[in-house]
Amino acid sequence: MDRCHHPMGGRIPINTALFERFVALRHRYTGEPEALLRPALAAGLHSLTRGDIEHLAAAMDDGASLPQRLRAAVLPDTVLPRQQELESAIFETLCQATHLDGPENALHRHFRMVRPHGDYLVVHLSPESVEALVGKLLPSEGDDGYSGYPGLRVRAFRRHAELYFADGAPGVAVHLAQVHWGLWREVSEGRRWLGNDTEPLTPDELRAMEIRRSSAETARLGSALLRRLGMFSGLPLAIMGADLCYVDWRNRPSRGELAELLTHPVAGIGATGYRRVAGHLVVDAAPGRVVLHGPTRHTWRSADPCRRVSATCGSDQPKRPEM
């Protein structure tokens, strides 16, 4: 078996062809360029044994189930509840603030890529999306009362901004890349916002937190979807329920293709399958569910190396893509 060189000098026991399949697979979900994706992927695979690599290869070929630690080597999800809540809040707010913005709502207008790590997340957004996020997400106490996500704070640095919870555990954060201090001041100008400070939680925030805090099930789902935002051609609409996440979007992928992406044995969200319910597709990701209400078909031809899907697929039950 060939070995791919780790960018820091180590080696991982994986053949080059399989590594390229992992590169194409992860890019389909995150949108990362190869210059960033390859080192991150090599680092995730570096600690795996030969047996682990064989299990991953088998899952790519026959859909065998995998433990979370092996899936995390290719595309990591966070297991920290407060980190999941923070990422889910950003996902829901970003989608609602920019959903169907313009005739095409092209994803590249708002979103560049996500760079998932086990205990934190880096998100690359366009300046206009950062402004929308500030207006909807950051807590503010104005003449019209309290708005925003309770307990959220921001630290603005020279080259990035960091969103975190005032009552969260140390290290729980989402980094907004390339949001420098000047841009942050520009997009937050004129708002009475609570951020970039150490102010304690206000009484209004404490009351709002008891109402707004998402359930553990939906927080996990929202976090997983944010870490896979590259699946969509445009930002979707996301609505969180008690134990489900409702997702709607336009253009691609088709409803069936998205279900396949979410249930992929390596890069999916750990779902057990999907089914048709009342005109929707429901992805079972116990203990939660993702309800898909996007397009049932499309007429574009995929150039994605991860999938081989018919260009005129009109079924909600496509064959599993060959990876």
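The structure presented is a predicted model; accordingly, all values stated were derived computationally and were not measured.
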Is [X] reaching over with its side chain to a backbone N or O of [Y], donor-acceptor style, under 3.5 angstrom?
| X | Y | answer |
| --- | --- | --- |
| Ser88 | Gln84 | no |
| Arg112 | Gly31 | no |
| Gln83 | Ala173 | yes |
| Arg228 | Gly268 | yes |
| Thr263 | Gly273 | no |

Hey, quick one: are [X] and [Y] part of the same hydrophobic cluster, counting side-chain heavy atoms closer than 4.5 Å, chains of contacts allowed?
| X | Y | answer |
| --- | --- | --- |
| Leu80 | Leu121 | no |
| Leu41 | Met113 | no |
| Leu86 | Tyr120 | no |
| Leu37 | Leu226 | yes |

Measure the shortest side-chain to side-chain distance between [X] and [Y] over non-hydrogen atoms and say whether it is less than 4.5 angstrom.
| X | Y | result |
| --- | --- | --- |
| Val114 | Tyr29 | no |
| Leu183 | Gln178 | no |
| Trp249 | Leu292 | yes |
| His175 | Phe157 | no |
| Arg69 | Leu48 | yes |
| Arg115 | Thr30 | no |
| Leu25 | Val266 | yes |
| Leu56 | Leu45 | yes |

Would you name the heavy atoms of [X] and [Y] that are closest together and state the gap between them?
| X | Y | value |
| --- | --- | --- |
| Asp62 | Ala64 | OD1-N, 3.0 Å |
| Pro265 | Ala59 | CG-O, 3.5 Å |
| Pro76 | Gly118 | CB-N, 4.1 Å |
| Pro116 | Arg227 | CB-NH1, 3.6 Å |
| Val122 | His124 | CG1-NE2, 3.8 Å |
| Val283 | Ala271 | CG1-CB, 3.5 Å |

Worked verdict on Leu94 versus Leu125 for side-chain contact (heavy atoms from CB on, under 4.5 Å): CA-CA 10 Å; Leu94 177 64; Leu125 300 174; 3.8 Å; yes
N-O pairing of Arg26 and Glu34 below 4.0 Å: no
Electrostatic pair Asp77-Arg220, nearest N-O below 4.0 angstrom: no
Glu257 and Arg252: CA distance, side-chain angles, deciding distance, salt bridge (charged side-chain N to carboxylate O under 4.0 Å, His left out) verdict: CA-CA 9 Å; Glu257 287 177 327; Arg252 58 186 187 269; over 6 Å; no
With rounding to the nearest 0.5 Å, note down the distance linking [atom1] in [X] to [atom2] in [Y].
| X | Y | atom1 | atom2 | result |
| --- | --- | --- | --- | --- |
| Leu176 | Glu162 | CG | CD | 9.5 Å |
| Leu244 | Leu221 | CG | CG | 8.5 Å |
| Leu237 | Tyr246 | CG | OH | 7.0 Å |
| Ile269 | Leu75 | CD1 | CG | 12.0 Å |
| Leu66 | Met60 | CG | CE | 10.5 Å |
| His293 | Arg255 | NE2 | CZ | 6.0 Å |

Working for side-chain contact (heavy atoms from CB on, under 4.5 Å), residues Leu262 and Leu225: CA-CA 9 Å; Leu262 294 175; Leu225 290 171; 3.8 Å; yes
Partner of Arg289 by side chain to side chain donor-acceptor pair (under 3.5 Å), out of Asp284, Thr218, Asp243: Asp243
Gln68, CD atom: more than 12 neighbouring heavy atoms under 6.0 Å: yes
Exceeds 12 heavy-atom contacts within 6.0 angstrom, atom NE2 of His160: yes
Candidate pair Leu163 and Leu137, rule side-chain contact (heavy atoms from CB on, under 4.5 Å), full reasoning: CA-CA 10 Å; Leu163 298 172; Leu137 189 62; 4.2 Å; yes
Step-by-step salt bridge (charged side-chain N to carboxylate O under 4.0 Å, His left out) determination, Arg38 to Glu20: CA-CA 9 Å; Arg38 289 178 177 275; Glu20 293 302 320; 2.7 Å; yes
Side chains of Ser223 and Glu87, donor plus acceptor under 3.5 Å: yes
